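I have placed the structure first, in the form of structure tokens, so that the comments after it can refer back to it.
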Amino acid sequence: MVDIDFTRLLVAEREADKRIEKAHKRADEILRQAREEARKIFEEKSKIDEQAIYEEIRNELAKEYEDFSIRLANQFEGFRKYIEENREEIIQKIVMLTLGVNL
Amino acid sequence: MRVQEEREILAALIKEIEKAADDEIKKILGEAEKQKVEILKEAEERALKERKKKEMEIRRKARMEILKELSFKRISYRKKILLEKYKLITSLVDEARKIVIDEVRKGSHLYYLGLEKLLEEAIINLNKNNVIIICNKRDRENIEGMLQKVYESIKEKYNREFNAEIRSTLPDDEYGVIVLSSDKREYYINTISSRFDYYIKEYLPELLYKK
């Protein structure tokens, strides 16, 4: 029968407990730091540049407005040209229809 | 020998305890690191989501604000173009009106040619056997003169006969004719001013955009 020195075993166990306890604390610290880091990440990465967005939208809509103005001006130019080229014919038609000559 | 054995067993047990502790520590720290990665990953995802949400909201807000500013400019520009268009149309209409007025006032050949047709059209459309023709004093004689021709034309085309009474009660500055049924309950207005208004309203847009 082997006679074991339990004192040394107890010391070893106590030492192991201490190390485990320390590991728990270390783990808690890791998690605390992670949460802090997460908070910073969230703050940093959820930030937006409001002014840049406004500028981007403003440029986009200004371009749309410019296209609209050009389109409208071109339409009017087409209309003006049509009237100019067909003025006599249109007037003649109105006159004839009014007088009833074409009936 | 026994002491040696005891030492070896003890060392083995202590080693076993230390190894168990090492494993446990490894497990605890491993789990913590794993959780750390999860926490950071989740923070990144949450931040991205939040960023998208904020960005969408800002974009919507910016768009509304800027569109509001630009809509005034749009309306103003559209108004300007419409005004130019209106001026063009008005000048066209005015010119047409002037020509019509000139023709009717001087009692031109064109006017009387048209008047005969206006008279015929009014009688046909009224579709009555007894009619009253209203014209101005100046045109009365001409209408009396053209009535027989109109009568024959309607008889030939529609096999219809009618009796007509002429009254020159239309104001002097009104031209064309109004044809009434003898009981005055039905009428067909074919005056020059009403026709002009009608064609301007009904046909001008069509004429203007005809390609």
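Within every chain, numbering begins at 1; the chains are lettered A, B, ... in the order of the sequence lines, protein sequences first and strands thereafter. Please read these numbers as outputs of a predicted model, since none were measured by experiment.
- At a 4.5 Å heavy-atom cutoff, B:Val37 makes no contact with chain A through either its backbone or its side chain.
- Residue contact with chain B, scored on non-hydrogen atoms closer than 4.5 Å, is absent for A:Glu85.
- Contacts between A:Glu56 and chain B at a heavy-atom distance below 4.5 Å involve the side chain alone, from C-beta outward.
- Heavy atoms closer than 4.5 Å to chain A are found nowhere in B:Lys49, neither backbone nor side chain.
- With A:Phe76 as the aromatic partner, B:Lys85 does not meet the cation-pi criteria of under 6.0 angstrom to the ring centre and within 45 degrees of the ring axis.
- With chain B as partner, the option from A:Lys22, A:Glu64, A:Lys40 having the largest number of non-hydrogen pairs under 4.5 angstrom is A:Glu64.
- Contact count against chain B (heavy-atom pairs under 4.5 Å) is highest for A:Arg8 among A:Arg26, A:Gln33, A:Arg8, A:Glu13.
- Looking only at heavy-atom pairs under 4.5 Å with chain B, the residue among A:Ala16, A:Ala12, A:Ser69 that has the most is A:Ser69.
- Annotation: side chain of B:Ile134 is not in contact with side chain of B:Val177 (no heavy-atom distance under 4.5 Å).
- Within the 4.5 Å cutoff, side-chain heavy atoms of B:Ile124 are placed close to those of B:Tyr158.
- For the set B:Glu116, B:Glu120, B:Glu84, the entry with the most heavy-atom pairs within less than 4.5 Å of chain A is B:Glu84.
- Looking at A:Arg80, the atoms closer than 4.5 Å to chain B (heavy atoms on both sides) sit in the backbone and in the side chain alike.
- With a 4.5 Å cut-off on non-hydrogen atoms, A:Lys47 touches chain B through its backbone but not through its side chain.
- Counted within 6.0 Å of OH on B:Tyr151, heavy atoms from surrounding residues, nucleotides or ligands total more than 12; the atom is thus considered enclosed.
- Looking at B:Arg7, there are no atoms closer than 4.5 Å to chain A (heavy atoms on both sides), in backbone or side chain.
- In this structure, no portion of A:Gln75 lies under 4.5 Å from any heavy atom of chain B.
- The two residues B:Met146 and B:Leu119 come nearest to each other via the heavy atoms CG-CD2, 4.2 Å.
- At a 4.5 Å heavy-atom cutoff, B:Glu42 makes no contact with chain A through either its backbone or its side chain.
- In this structure, B:Arg74 forms no cation-pi arrangement with A:Tyr65, as its terminal cationic atom is not both closer than 6.0 Å to the ring centre and no more than 45° off the ring axis.
- Within the model, atoms CG of B:Leu110 and CD1 of B:Ile99 stand 11.0 Å from one another, a figure rounded to the nearest 0.5 Å.
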B:Val179/B:Ile132 under side-chain contact (heavy atoms from CB on, under 4.5 Å): CA gap, chis, key distance, verdict = CA-CA 6 Å; B:Val179 177; B:Ile132 301 165; over 6 Å; no
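- You'll find the side chain of A:Asn86 reaches within 4.5 Å of the side chain of A:Glu89, heavy atoms only.
- In this structure the side chain of B:Tyr86 never reaches within 4.5 angstrom of the side chain of B:Leu82, judged on heavy atoms.
- Looking at B:Glu65, only its side chain comes within 4.5 Å of chain A, counting heavy atoms on both sides.
- Heavy-atom distances place both the backbone and the side chain of B:Asp22 under 4.5 Å from chain A.
- Both the backbone and the side chain of B:Ser91 have a heavy atom closer than 4.5 Å to some heavy atom of chain A.
- With a 4.5 angstrom heavy-atom cutoff, B:Glu103 touches chain A only via side-chain atoms.
- Note on B:Arg63, B:Glu50, B:Lys41: by heavy-atom pairs under 4.5 Å with chain A, the leading option is B:Arg63.
- At least one side-chain heavy atom of A:Ile91 sits under 4.5 Å from a side-chain heavy atom of B:Leu92.
- Heavy atoms from other residues, nucleotides or ligands lying under 6.0 Å from CG of B:Asn159 number 12 at most.
- Contact tally against chain B (heavy-atom pairs below 4.5 Å) for A:Leu31, A:Val11, A:Asp17, A:Asp28: the top residue is A:Leu31.
- When heavy atoms are compared at a cutoff of 4.5 Å, A:Ala62 approaches chain B solely by way of its backbone atoms N, CA, C and O.
- Chosen from A:Asp49, A:Leu61, A:Val95, the residue pairing most often with chain B at heavy-atom distances under 4.5 Å is A:Leu61.
- Contact of the B:Leu147 side chain with the B:Ile133 side chain is registered, since non-hydrogen atoms from C-beta on lie closer than 4.5 Å.
- Residues A:Glu60 and B:Ile66 fail the side-chain proximity criterion, which asks for heavy atoms closer than 4.5 Å.
- Residue contact with chain A, scored on non-hydrogen atoms closer than 4.5 Å, is absent for B:Lys80.
- Heavy atoms of other residues, nucleotides or ligands lying less than 6.0 angstrom from NZ of B:Lys54 number more than 12.
- For chain A, the nearby part of B:Leu113 is the side chain; its heavy atoms alone come within less than 4.5 Å.
- None of B:Glu33, B:Gln35, B:Glu31 except one satisfies the side-chain contact (heavy atoms from CB on, under 4.5 Å) rule with A:Ile30; the exception is B:Glu33.
- With a 4.5 angstrom heavy-atom cutoff, B:Glu44 touches chain A via backbone and side-chain atoms both.
- Of the atoms belonging to B:Leu115, it is backbone heavy atoms, and not side-chain ones, that fall under 4.5 Å from chain A.
- Of the listed residues (A:Glu15, A:Arg35, A:Glu50, A:Arg87), the one with the most heavy-atom contacts under 4.5 Å to chain B is A:Arg87.
- Each of B:Glu45, B:Lys61, B:Arg97 has some count of heavy-atom pairs under 4.5 Å with chain A, and the biggest count is that of B:Lys61.
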